[in-house]
Trainee: 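Here it is: the structure, laid out below.
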Amino acid sequence: MLEGRILKGVGGFYYVHTKEGVFCCRAKGLFRKQSLKPLAGDICRIELTHTDDVEGNIVEILPRKNSLIRPPVANTDQALVIFAMHDPEPALGVLDRFTVMMEISRIPTVICVNKDDLSLGSEADEILRIYAPSGYRVLFTSVIDGSGMDELKEILTGRVTSVAGPSGVGKSSMINALTGSYTMETGEVSRKLKRGKQTTRHTELLRLWDDTFIFDSPGFTALDVPDIEPSELYDCFPEMRPYLGRCRYNDCMHAGEPGCAVKEAVNDGVISSERYDSYLSIYNELIKRRRY
Ligand SMILES: Nc1nc2c(ncn2[C@@H]2O[C@H](COP(=O)(O)OP(=O)(O)O)[C@@H](O)[C@H]2O)c(=O)[nH]1
Ligand SMILES: [Mg+2]
Ligand SMILES: [Zn+2]
């Protein structure tokens, strides 16, 4: 019996990375035994068979640390959300939706701003001002001049990282630079549309080195409304958590009520107004959804 990690599943075949190599497996009888559909990232036990059309059979999935629906992957240690300094311009509202999704799953997030070489001046300070109160680590990188790439390597090493970000920000280029080889297909940003060409088609766990894996998911432009109650949203903004119980009203939703401690912190510049605007925007969507 060998233990390994599922890299990808394609049409009922699972590619499992073990210390003896990658084996193409089926999951015969597994669903009956565990009622589980294997996910990329799953740690499993396989039995080598070398019969039929495959090399092995997955006989057991080990308990999951967590699992995500989008992207469908198990055992993510951290999320790395990648944006570009420019080209395409950062959409912080989208980034904040992503951090909320990760907070719901309690997955730590690192923000990576790529294409730092395109910086014209004070953009980095501005991004740091917005995100410092949240406590998210913010990293600035450039695949072109290599800045920040050592720090990125250090963040990734020994972990399973889910990488996400709009297309065209340089996710595939970054993975190629990190592995020092051509792993992912990259695409030019369409000049006409100023929008990345969709070139990342497969969702697959990639092994970078040793026990370092990343999951390169297809680019996202919009995310679903999170499946939480409006009253739970403030908990998905780490910089708002200290104000729990400090508002005038016990049931304060921090959406304009008098005596709101969160709003005071925004007025004092302790919480950034950009992040608070994202809170209000998602909050309003949650309220709207509740009415239907
Ligand atoms: N200036 C600059 N361009 C970059 C950088 N990283 C990637 N690119 C370019 O951005 C475009 C999109 O890159 P790609 O890796 O396909 O992005 P993905 O869609 O996020 O996978 C390509 O033309 C890359 O050469 C960077 O750090 N700086
Ligand atoms: Mg790509
Ligand atoms: Zn409040």
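Start at 1 and go down the list; that is how both ligands and their atoms are numbered.
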Trainee: Are the charged groups of Asp235 and Arg106 less than 4.0 angstrom apart, N to O?
Mentor: yes

Trainee: Which ligand 1 atoms does Asp117 reach within 4.0 Å, using its non-hydrogen atoms?
Mentor: 1 (N), 2 (C), 26 (C), 27 (O), 28 (N)

Trainee: If you round to the nearest 0.5 Å, how far is CG of Leu30 from CD1 of Ile46?
Mentor: 12.5 Å

Trainee: Is the positively charged end of Arg26 above the ring of Phe13, judged by distance under 6.0 angstrom from the centroid and angle within 45° of the axis?
Mentor: yes

Trainee: Of the side chain and backbone of Leu118, name the one, both, or neither that has a heavy atom under 4.0 Å from an atom of ligand 1.
Mentor: side chain

Trainee: Which of parallel (below 30°), tilted (30 to 60°) and perpendicular (above 60°) describes Tyr279 and Phe237?
Mentor: perpendicular

Trainee: May I ask you to list the protein N, O or S atoms found at less than 2.8 Å from the Zn ion (ligand 3)?
Mentor: Cys247 SG, Cys252 SG, His254 ND1, Cys260 SG

Trainee: Would you check if Glu154 and Glu151 make a side-chain contact, meaning some heavy-atom pair closer than 4.5 Å?
Mentor: yes

Trainee: Below 4.0 angstrom from a heavy atom of Ser167, which ligand 1 atoms are there? Numbered from 1 as shown, please.
Mentor: 19 (O)

Trainee: Any idea which atoms of ligand 1 are less than 4.0 Å away from a heavy-atom of Ser173?
Mentor: 7 (C), 13 (O), 14 (P), 15 (O), 24 (C)

Trainee: Minimum heavy-atom separation for Ile58 to Cys25, with atom names?
Mentor: CG1-CB, 4.0 Å

Trainee: Drop me the distance from Cys236's SG to Ile282's CD1, to the nearest 0.5 angstrom.
Mentor: 8.5 Å

Trainee: Identify, by atom number and element, the atoms of ligand 1 in contact range of Asn114, meaning under 4.0 Å from any of its heavy atoms.
Mentor: 5 (C), 6 (N), 26 (C), 27 (O)

Trainee: State which residue, out of Asn114, Asp116, Asp150, fulfils the side-chain hydrogen bond (donor to acceptor under 3.5 Å, both in side chains) condition with Thr141.
Mentor: Asn114

